[in-house]
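Here the structure is laid out as structure tokens; the discussion comes afterwards.
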Amino acid sequence: MKYLFAAVLALGTVASFSAAEAAGGCGPGWHRGPYGGCQPNRRAVVVRPAPVVVVRPAAPVVVVRPGRGCPYGTVWRHGRCRAY
């Protein structure tokens, strides 16, 4: 008898749910807003796949000895080349 009662209770619980109740009582295509009012659902969001990026092997590292920044007879001071 208790199995029958449990089955009827479970079936009644499942049968009482509907789409409108799942949407917060607003009906299909609507949902509850932040202040409790019914608002229409937005359009479907379509996500495009990301483009394929082909990575070439890295170029060889070239080490260059730093050259002189200012011509001979001048020195870098206060943001520009000045004579000394």
Side-chain angles (χ1 to χ4, degrees):
M1 187 69 173
K2 65 181 174 179
Y3 292 118
L4 178 65
F5 178 72
V8 169
L9 182 65
L11 226 118
T13 304
V14 173
S16 67
F17 289 119
S18 68
E21 291 177 9
C26 293
W30 295 78
H31 67 278
R32 291 277 179 192
Y35 300 109
C38 292
Q39 297 178 346
N41 292 339
R42 294 184 180 169
R43 295 183 302 170
V45 177
V46 178
V47 179
R48 294 184 187 165
V52 177
V53 178
V54 178
V55 179
R56 294 185 303 189
V61 177
V62 178
V63 178
V64 178
R65 183 175 167 200
R68 188 170 173 86
C70 295
Y72 289 103
T74 61
V75 67
W76 183 263
R77 282 194 196 141
H78 307 291
R80 66 181 199 156
C81 294
R82 299 180 185 257
Y84 42 84

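Across all non-hydrogen atoms, the minimal contact from R77 to Y84 is NH2-CB, 4.5 Å.
Within a 6.0 Å radius of CZ in R82, other residues, nucleotides and ligands contribute more than 12 heavy atoms.
If you take CZ on R32 and SG on C38, they are separated by 4.0 Å, rounding to the nearest 0.5 Å.
In this structure, the side chain of H31 engages the main chain of Q39 through a donor-acceptor pair within 3.5 Å.
Partners of C81 according to the side-chain contact (heavy atoms from CB on, under 4.5 Å) rule, which considers only residues two or more places apart in sequence or in another chain, are C70, P71, T74, W76.
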